[in-house]
Protein chains: 2
Amino acid sequence: MTTPDAAAGSALGAAAARLRVAVPSVADRVAAELRLQLAEGALLPGARLTESAIAEDLGVSRNTVREAFAELAAERLVVRHPNRGVFVASLESGDIHDVYTVRRAVEVSAIRAGGSPERVAAVRAAVEEGKAAAAADDEEALGTANQHFHRAIVAMAGSRRLDTIMAQVLAEMRLFFHKATVDAHFYRGWLPDNEEICQALEAGDPDRAGDLLLAYLDRSEERQAAVHGD
Amino acid sequence: MTTPDAAAGSALGAAAARLRVAVPSVADRVAAELRLQLAEGALLPGARLTESAIAEDLGVSRNTVREAFAELAAERLVVRHPNRGVFVASLESGDIHDVYTVRRAVEVSAIRAGGSPERVAAVRAAVEEGKAAAAADDEEALGTANQHFHRAIVAMAGSRRLDTIMAQVLAEMRLFFHKATVDAHFYRGWLPDNEEICQALEAGDPDRAGDLLLAYLDRSEERQAAVHGD
DNA sequence: ATTGGGCGATTGTTCAACAATCCGACGATT
DNA sequence: AATCGTCGGATTGTTGAACAATCGCCCAAT
């Protein structure tokens, strides 16, 4: 038992690359840390990220921070202003429509494709998660439950690329939420929508589910545009 | 007239960032160069890219090459194997379905949205471009004309994010084409499809255009899967 | 009030070095 | 002879320091 993975590894191959004992590079860890701070609102949109400050804070080299910035910039979480620095991305009113256009394309397409029973079950689980959070009056959990719901919908398509696109869009939206804090009632609004969409799925009517989802996204965009002083 | 942009710049603002006299950073230029070589098949899928070799070839630092790699990796044109190097991405048979899933989502959604007359005109232009290329027996031009067609369709949605997603997917597909060279007849097949789709658009029937496009994408995926040893 | 010129700070890029890791070859063991 | 450990070379990952280029800003001069 001195080399357990070597013994098992012979049979594997491509899987090895995916399973990799997971020792993310330092740059990846820096990016992850920044992503976290971005997600929980510690870094607000428009804020500047100084290379040297972050390098010192996290105890890494400036070059490494720079690589992490490249990752985040590719995810649009951060924008680079040449010779001026990187800033936390901030969505303009035009970006709202843009983001929702992507969501309509990705989510509706995925839900219309149907999806296996297990995938539908995952959607149901997200709906219940949301109800539980509502019952517990946990706004935070309510928000993440909603994201789980929409990610579960996209996951129905079974496409890695679609999943990452969705993940990026949701990350962008999270950024936006922190800028304009929405009231508590806002979150509860979509609970019935999710339930109805899920029921349509369970009833084996993905087209209807798609229509409902589309209508929901349109309404959601309107509300967002209104909140964000259009 | 010593500082023309400064005089004009006062009235501008956000536009300045976009118009920026266009001095891409060295890392960006390296990435662009590699993207070019990738596109024209100078670097085949699976090929290894050594940092030091490229750094020396292009006369830049290893760190800069590294940053360029980060860009390309974010675009999935290249994959990083930790401690082993970066390799030109190579699509597996599973990736084919994945890529087409994204295309179905993006393209069909965009075309169903309708789009202004100018945007439809752009689609028409791409169709004619394809016909001209076919008449001239120019395979290369035929391929790019087809890409223009599909990009014009996505452009109908008027979403920057959707445009870049489509650009990335097309770049991935181009990579794939180089791996398995397809015969000349393959390219001509879709000319009538494009024409029909375009006519539906011009007739003001985006839903029909969407159905046609969807059918085309399904057929295209099948063909690709067949060519690429399913 | 506007123009113009430094000035400090930060980024862009390079270079050199070192540890960590991987690959392949060579040699030892059964 | 085949397998296993080990060693060495090569490449990546990361660091630290250095320097030029650029930007924003303050301030002086007109």
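Values reported hereafter were calculated over all heavy atoms of this structure, with side chains retained and with hydrogens, waters and symmetry mates removed. Worth saying up front: this structure is predicted, and the values here are computed from it rather than measured.
As a whole-Å value, the separation of Ile54(B) CD1 from dT11(D) P is 13 Å. Separating the CD atom of Glu56(B) from the P atom of dC15(C) is a distance of 11 Å, rounded to the nearest angstrom. Note: CG (Asn63(B)) to C1' (dC19(D)) measures 15 Å, nearest angstrom.
Ser25(A) meets the side chain to side chain donor-acceptor pair (under 3.5 Å) test with Asp28(A); sequence neighbours excluded. Residues satisfying the side chain to side chain donor-acceptor pair (under 3.5 Å) criterion with Asn63(B), sequence neighbours excluded, are absent altogether. Thr50(A) is linked by a side chain to side chain contact (heavy atoms under 4.5 Å, CB included) to Ser52(A), Ala53(A), counting only residues two or more places apart in sequence or in another chain. In this structure, Arg29(A) has no salt bridge (Lys or Arg N to Asp or Glu O under 4.0 Å) partners at least two apart in sequence or on a different chain. Among residues two or more places apart in sequence or in another chain, the ring pair (Phe, Tyr, Trp, His ring centres under 6.0 Å) test is passed with Tyr100(B) by none. Applying the salt bridge (Lys or Arg N to Asp or Glu O under 4.0 Å) criterion to Asp98(B), with sequence neighbours excluded, gives Arg161(A).
Every stem involving DNA chain C, taken as at least 3 paired positions in a row under the Watson-Crick or G-U wobble test at 3.5 Å, is listed here: C:1-30 with D:1-30.
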Give each protein N/O atom lying under 3.5 Å from an N/O atom of nucleotides 8-11 of chain C, with the pair distance.
{"unit_1": "dT10(C)", "atom_1": "O3'", "unit_2": "Arg48(A)", "atom_2": "NH2", "d": "3.1"}
{"unit_1": "dT11(C)", "atom_1": "OP1", "unit_2": "Glu51(A)", "atom_2": "N", "d": "3.4"}

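With hydrogens and angles disregarded, a donor-acceptor distance shorter than 3.5 Å links the side chain of Asp95(B) to the backbone of Glu92(B).
Between Ser25(B) and dT13(C), a side-chain N or O to OP1/OP2 separation shorter than 4.0 Å is present.
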Side-chain atoms of residues 70-78 of chain B: list all donor-acceptor pairs with protein atoms under 3.5 Å, sequence neighbours left out, distances to 0.1 Å.
{"unit_1": "Glu71(B)", "atom_1": "OE1", "unit_2": "Arg35(B)", "atom_2": "NH2", "d": "3.4"}
{"unit_1": "Glu75(B)", "atom_1": "OE1", "unit_2": "Arg35(B)", "atom_2": "NH1", "d": "2.8"}
{"unit_1": "Glu75(B)", "atom_1": "OE2", "unit_2": "Arg35(B)", "atom_2": "NH1", "d": "2.4"}

